[in-house]
Structure formats: C-alpha cells, structure tokens
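The structure appears below as structure tokens.
Keep in mind that the numbers below use all heavy atoms, side chains included, and drop hydrogens, waters and symmetry copies. Since this is a predicted model, take the numbers as computed values, not measurements.
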Number of protein chains: 2
Amino acid sequence: MMEQKIDELLKKNHLSITGGRRKILELFLQQDGALSHSDIERRAGEKFDRVTVYRTLQTFLEKGLIHSIPTSDNSIRYALCKDDCSGGQHHDDHVHFICNACGTTVCLEGVTVPSIALPDGYVTEQVEMLISGVCKSCNH
Amino acid sequence: MMEQKIDELLKKNHLSITGGRRKILELFLQQDGALSHSDIERRAGEKFDRVTVYRTLQTFLEKGLIHSIPTSDNSIRYALCKDDCSGGQHHDDHVHFICNACGTTVCLEGVTVPSIALPDGYVTEQVEMLISGVCKSCNH
DNA sequence: ACCACAATTGCAACAGAGTTGCAATTATTA
DNA sequence: TAATAATTGCAACTCTGTTGCAATTGTGGT
C-alpha cells in the first residue's frame, strides 16, 4: 500500500531506499500539514539519529521531494511537494497557512499566488505567501 | 541630527534612553534593509552583550518599532516600521523582498498585498508576502 | 543636583539547533 | 555474492537563543 508509493518516490529520485528515509516519507504522507525537524525527530521515535534526520531533509529538499516553509518563529517547516517540483528548483509559488489556534501549517495547493507589481528594477524569481489565521478545523 | 530622531523615537515609545538602544536604532536608521540579530551583533562592535541585543530587539518588537520578517534560511530579520504600527500588533500586511544576489532584505512599503480567496472555513488574520529575486542595485 | 526607585545591563550558565569528520554499516550493481 | 558507493551513527563542536541574578544605569520628584 503506502510502502509501494514510498519506495517508488525514492527510486524516482535516485535515492537509496533506507529505513530512515522510508520512515520520514511515511510521516509526511500520513500527515496533511507541514512538519518541522523536531516534529519528525519526535514522531520517528528514538530510532534515528538527529543527524540522519537533518541530512535526510536536506537531501529531500535538494531532490525537490519536499519544500521548506519560512515561519516567523524561526522554525522552518517542511512539506511534501504534491506536484513534481523539478529537482531543487521550485517554479511553483506556494501559499501557506498557519493556524494561530492549533499551530498546524498547511500548503494550500488550490490557491494561486496573485501576481504583484514591484517597483522598477526588481525582478521576481519566487513568491512565497504566508497567511496566518484560523484554520478549518479550529473554526466552528 | 540623527541623535534627536533616535531619542524621540525612544521617548515616544516609553523606553529608557540607553547606549545600546541608541546604537541599535542608529543601525536600523542608517540601513535601508532589514537586519538579523547577527548583523546587529557584528555591526555594533564588541560593545554590547549578546543578551542585550536579544532583549532590545524583543522590546522593539513589542513596542512596534520594528517588525520581523520570516525567511527560509532560519534567520529572522528585523526591519524598522516606517509607519506607526500600533504597539505589538501589525495591522499592516507587509511585502518583503530578498535579493538572491546580495542577500539584502527590504520591506517594500509602496506595494500592497493583494487579497486572496481562501478555501471555506479559513479565516485570515495576517498576510506576509516574501518575494525573492534580484534587487534594483544588483540588476544591471 | 540629589535621592530613591525602576529599568536596563552584563555575566554565567544553560538548552537547543544545526554542522562536520570519520569509521562502521548498509544498499546497489554487476 | 563480492566490490563499490551511499548512508548512518557517534562524538565533538559551533551558533543561537534563554534565564536568573547581581551590578549598573536611567528617571522623576524634590
């Protein structure tokens, strides 16, 4: 089931299939939202070295399997790229939503980033949008 | 000249006037772009304790003198609020530009954040926009 | 100008995040 | 299954950020 998908993803990105990578990918697939390094460390149990987690995330980033989401509290979150982001470079702009109530961060795939007119001389390469507020689950 | 402006700013925000705060405000006023904690530590010379810089930035944030800019490299930057941002709460949404060439981060005051339609159930409280690309000075 | 009080600072010690080199282990390919 | 390449874990380290406390400095009233 999910194992197959995981191994396919790794293969497609020319990565060796190892326990650590499998486990981390599994965490991302199980979860809708984004994960921080410490989330992963916590949820993976005591099974993997901290360094391995760092290196795995680094590798996944470079291969374009995940992307990073800046936050205002100095704790980068990572989220799976649903569409294929070509290796290392994201041509897709992302809209991310952080819930002030539950802290969950999600990548809003359906929402497109509006184009913005910059002052003369500025060239846009990538746009990242960070919306904070109250998410669907917390809003009732 | 600048000293007057600095002291005024501090007084207006009910802050004691001290060497450290003066120096840090001066750095912000001299500089167009945003500064990270380590920028400040470096440029302030050896004169101030690291802890003082942290606490000063914290205080300035709370009083709304500066605002923080999330980045994807895990290093929060701070920038002066040109307009008065009411104490602690920013009702103004910001557009920030990070130059991939020189690394400078600036707060684009003239640019307004477009409103965005979120999926049902999501409530927006604040929007932060992060554009990376090539800035005016680096683009020739 | 001085005093009492409040606020700020520096120091020390600490917790956490992230990195690097290297040897041991594990995956891949042929 | 053996040879090679890639990944892992460990140890040690740096950098970032925080806290408590005592010493210092700023402020407002007299």
In whole angstrom, what separates [X]'s [atom1] from [N]'s [atom2]?
| X | N | atom1 | atom2 | answer |
| --- | --- | --- | --- | --- |
| A:Lys47 | D:dC10 | NZ | C1' | 19 Å |
| B:Lys11 | C:dA7 | NZ | C1' | 16 Å |
| A:Leu57 | D:dT8 | CG | C1' | 15 Å |
| A:Arg22 | D:dT7 | CZ | C1' | 14 Å |
| B:Asp39 | D:dC15 | CG | C1' | 15 Å |
| A:Asp49 | C:dT25 | CG | C1' | 13 Å |
| B:Asn13 | C:dA7 | CG | P | 16 Å |
| B:Ile40 | D:dT16 | CD1 | C1' | 14 Å |

Intermediate values then yes/no, side-chain contact (heavy atoms from CB on, under 4.5 Å), B:Leu35 and B:Tyr78 | CA-CA 5 Å; B:Leu35 294 169; B:Tyr78 302 90; 5.6 Å; no

Under 6.0 Å from the CG atom of A:Asp49, do we count more than 12 heavy atoms belonging to anything else shown?
-> yes

Neighbour count above 12 (heavy atom, 6.0 Å) for B:Asn100 CG = yes

According to the interplanar angle, ranging from 0 to 90°, do the rings of B:His67 and B:His94 count as parallel (below 30°), tilted (30 to 60°) or perpendicular (above 60°)?
-> parallel

Please work out whether the ring planes of B:Tyr122 and A:Phe97 are parallel, tilted or perpendicular, with thresholds of 30° and 60°.
-> perpendicular

For residues A:Pro114 and B:Ile116, report the shortest heavy-atom separation together with the two atoms involved.
-> CD-CD1, 3.6 Å

Which heavy-atom pair separates B:Ser16 from B:Arg21 by the least distance, and what is that distance?
-> O-NH1, 3.2 Å

Shortest side-chain distance from A:Ser16, nucleotide among D:dT8, C:dT9, C:dA27 | C:dA27

Return the 5'-most residue of the pair A:Gly20, B:Ile17 with respect to DNA chain D, ranking by each residue's nearest nucleotide.
-> A:Gly20

Would you tabulate the pairs of protein nitrogen or oxygen atoms and nucleotide nitrogen or oxygen atoms of nucleotides 17-20 of chain D closer than 3.5 angstrom?
from	atom 1	to	atom 2	distance (Å)
D:dG17	OP1	A:Asn74	ND2	2.6
D:dG17	OP2	B:Tyr54	OH	2.9
D:dG17	O5'	B:Tyr54	OH	3.4
D:dG17	N7	B:Arg50	NH1	2.9
D:dG17	N7	B:Arg50	NH2	3.3
D:dG17	O6	B:Arg50	NH2	3.0

Are OP1 or OP2 of D:dG9 and a side-chain N or O of A:Thr52 less than 4.0 angstrom apart?
-> yes

OP1, OP2 of C:dT8 versus side-chain N and O of B:Thr56: anything below 4.0 Å?
-> no

